[in-house]
Protein chains: 2
Amino acid sequence: MSLPHAILTALLEKPSSGLELTRRFDRSIGYFWSSTHQQIYRELGRLEQSGHIRALPSEVPARGQKKEYEVLPAGRAELTEWVAAREDPKPVRDALLLRMRAAAVVGTAGLRAELERHLALHRRQLEEYRSIEERHFPPERDAEEDRLRHLVLRGGIDMERFWIEWLTQALKELAELEARPAGA
Amino acid sequence: MSLPHAILTALLEKPSSGLELTRRFDRSIGYFWSSTHQQIYRELGRLEQSGHIRALPSEVPARGQKKEYEVLPAGRAELTEWVAAREDPKPVRDALLLRMRAAAVVGTAGLRAELERHLALHRRQLEEYRSIEERHFPPERDAEEDRLRHLVLRGGIDMERFWIEWLTQALKELAELEARPAGA
DNA sequence: CAGGCCATGTAAAAGGTTACATGATTCG
DNA sequence: CGAATCATGTAACCTTTTACATGGCCTG
């Protein structure tokens, strides 16, 4: 429901070709709305069809040739509207919480390694966000755009912190349970 | 990828009919893996086909008749394996963070009301979780199952707290930006 | 016996994932 | 000129969402 909006945002930040967009969906925008090149090309086609974006004129419009897109007024209007739209948060759907609940029924065998693996992944992601924060948002800057983008990044940072804390708790809990096996 | 596992977990906790499962996916299990009755019926069919669950024998196997399912050994084995499986966390895909980023480009008009609405929703969800915590997990209990399920619930609680904090920050930031409009 | 709810489904469309295809450019 | 890489796509499939369909049971 929001991939077109993610693309419009990315293109307003900087007109790009499909592949450039794909790369930015592997970092930047993609930290909050992930996508693949297949989806992106499909959506670029749709957005062009519907008059929200257009391909910048090029001499050689053929397969394998780079095509740059820019946002048209209709696209900007659509995005502006979406920012204020009424749209409920999606219900949580998290496989790891679910697995923990399954473990409560069928046992925790093998779970610890997986929790530790996830913990390491989230620590790495946190480090990445923090390094971006250092590079892009030094204390003195405060242009409007920067403040909002920094806020988004802080959301990512605190989300990772949440997982790190929860996983740490979970591992502690698991250690206690395994210390007195089979029904205390 | 995990709906079948969610259903297996729910059925192990208590054998149920499709509609009973649907109700439990509106609370309980559904707090961490949401689903609708259409998906649930389809998946029950598949799980029965593949020999992971079976319908309890009934006199009147007809449309409109209640059908209860229970988990078979193969289903339990599948779930046990999944608990320890290697499965990476899904990349974040959050519309509100994305909208904030869009707002950095097209402006924040109308955003405040929406943030406040989300804040209220998350506060309500937090209250719901906390009331469940009071009812289901009083301090003295510590059976293995309860400890793990409590851990899952605390995950939900801290997730809501994260959103409440972030939204509070966001509203503060917005107020500051609006206090000195158009490029300060 | 009408209306509402219980209960189980079907169908279609949209969104997302995975695998594969194809032309253009560059570099050794 | 062969291989790698850039760049754009197609196709098939699976999951999720939304809308609708159907029959049974209960209650006034």
Side-chain angles (χ1 to χ4, degrees), chain A residues 1-8 10-11 15-26 29-30 32-50 53-56 58-69 82 87-95 98, chain B residues 1-8 10-11 15-26 29-30 32-50 53-56 58-69 82 87-95 98:
Chain A
M1 201 57 194
S2 303
L3 176 58
H5 300 112
I7 290 178
L8 288 172
L11 287 181
S16 307
S17 67
L19 188 63
E20 279 163 7
L21 277 179
T22 301
R23 295 205 205 295
R24 290 164 63 197
F25 274 82
D26 283 336
I29 286 271
F32 313 105
W33 200 274
S34 66
S35 192
T36 60
H37 82 270
Q38 292 90 336
Q39 263 187 293
I40 288 167
Y41 283 116
R42 183 177 2 139
E43 203 59 44
L44 282 172
R46 287 182 193 166
L47 285 168
E48 191 177 17
Q49 275 292 308
S50 60
I53 65 174
R54 65 161 189 169
L56 292 179
S58 145
E59 322 77 63
V60 202
R63 193 183 177 114
Q65 287 303 314
K66 196 153 106 174
K67 239 196 300 187
E68 287 238 311
Y69 291 94
W82 182 64
E87 196 179 289
D88 285 346
K90 290 215 136 185
V92 177
R93 203 176 261 175
D94 184 86
L98 182 60
Chain B
M1 200 62 192
S2 303
L3 177 58
H5 300 112
I7 291 178
L8 289 173
L11 287 181
S16 307
S17 67
L19 190 62
E20 279 163 5
L21 276 179
T22 300
R23 295 204 203 297
R24 289 164 65 197
F25 274 81
D26 283 336
I29 286 269
F32 313 104
W33 199 274
S34 67
S35 193
T36 59
H37 82 271
Q38 293 90 336
Q39 265 187 292
I40 288 166
Y41 283 116
R42 173 162 41 99
E43 203 59 45
L44 282 172
R46 285 184 194 166
L47 285 167
E48 190 178 18
Q49 275 293 307
S50 60
I53 64 174
R54 65 161 190 172
L56 292 178
S58 145
E59 322 78 62
V60 203
R63 193 183 176 110
Q65 287 302 312
K66 195 152 105 173
K67 240 197 295 187
E68 287 237 312
Y69 291 94
W82 183 65
E87 195 179 289
D88 284 347
K90 291 214 136 188
V92 177
R93 203 176 260 174
D94 184 87
L98 182 60

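Just so you know, these numbers come straight off a predicted model, no measurement behind them. Computed over heavy atoms, backbone and side chain alike; hydrogens, waters and symmetry mates excluded. Order of the sequence lines fixes the chain letters, A, B, ..., with proteins taken first and strands second; residue numbering starts at 1 for each chain.
Atom-to-atom, NE2 of A:His5 to C1' of C:dG15 comes out at 14 Å; the value is rounded to the nearest Å. Computed from coordinates, the B:Phe25 CZ to D:dT17 C1' distance equals 16 Å when rounded to whole Å. When the C1' atom of D:dG9 is taken as reference, atom CG of A:Leu44 falls 11 Å away, rounded to whole Å. When rounded to the nearest whole Å, the span between CG of A:Leu3 and P of C:dA13 equals 21 Å. One atom, CD of B:Glu43, and another, P of D:dC14, lie 12 Å apart when rounded to the nearest Å. Across the protein-nucleic acid pair, B:Ile40 atom CD1 and C:dA7 atom C1' stand 13 Å apart, rounded to whole Å. The distance from atom CD of A:Glu20 to atom C1' of D:dT5 is 15 Å, rounded to the nearest whole Å. Summarising the geometry, the separation between CD1 on A:Ile7 and C1' on C:dG16 is reported as 13 Å, rounded to the nearest angstrom.
Within the 4.0 Å cut-off from OP1 or OP2 of C:dG15, at least one side-chain nitrogen or oxygen of A:Arg46 is found. Of the side-chain N and O atoms in B:Tyr41, one or more sit less than 4.0 angstrom from OP1 or OP2 of C:dT8.
Looking only at side-chain heavy atoms (C-beta outward), B:Arg24 and B:Ser16 come within less than 4.5 Å of each other. Side-chain contact between B:Tyr41 and B:Leu19 is present, with heavy atoms from C-beta onward closer than 4.5 Å. Looking only at side-chain heavy atoms (C-beta outward), B:Leu44 and B:Leu11 come within less than 4.5 Å of each other.
A salt bridge does not link B:Arg23 to B:Glu20: none of the charged side-chain nitrogens sits closer than 4.0 Å to a carboxylate oxygen.
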Nucleotide N/O of nucleotides 17-20 of chain C paired with protein N/O under 3.5 Å:
from   : atom 1 : to      : atom 2 : distance (Å)
C:dT17 : OP2    : B:Arg93 : NH2    : 3.0
C:dA19 : N6     : A:Gln38 : NE2    : 2.8

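Across all strands shown, A:Ser17 has heavy atoms under 4.0 Å from sugar-phosphate atoms exclusively, and none from any base.
Listed by chain and number, the residues in a side-chain contact (heavy atoms from CB on, under 4.5 Å) with A:Pro91 are B:Ser34 (sequence neighbours excluded). Residues satisfying the side-chain contact (heavy atoms from CB on, under 4.5 Å) test with B:Ser2, not counting sequence neighbours, are A:Ala95, A:Leu98, B:His5, B:Trp33, B:Trp82, B:Glu87.
Closest approach to the A:Arg23 side chain among C:dG16, D:dC6, C:dA7 is made by D:dC6 (side chain taken as heavy atoms from C-beta onward). Of all nucleotides listed (C:dA7, C:dG16, D:dG9), C:dA7 comes nearest to the side chain of B:Leu19.
Listed here is the closest heavy atom pair of B:Ile7 and B:Leu21: CG2-CD1, 4.0 Å.
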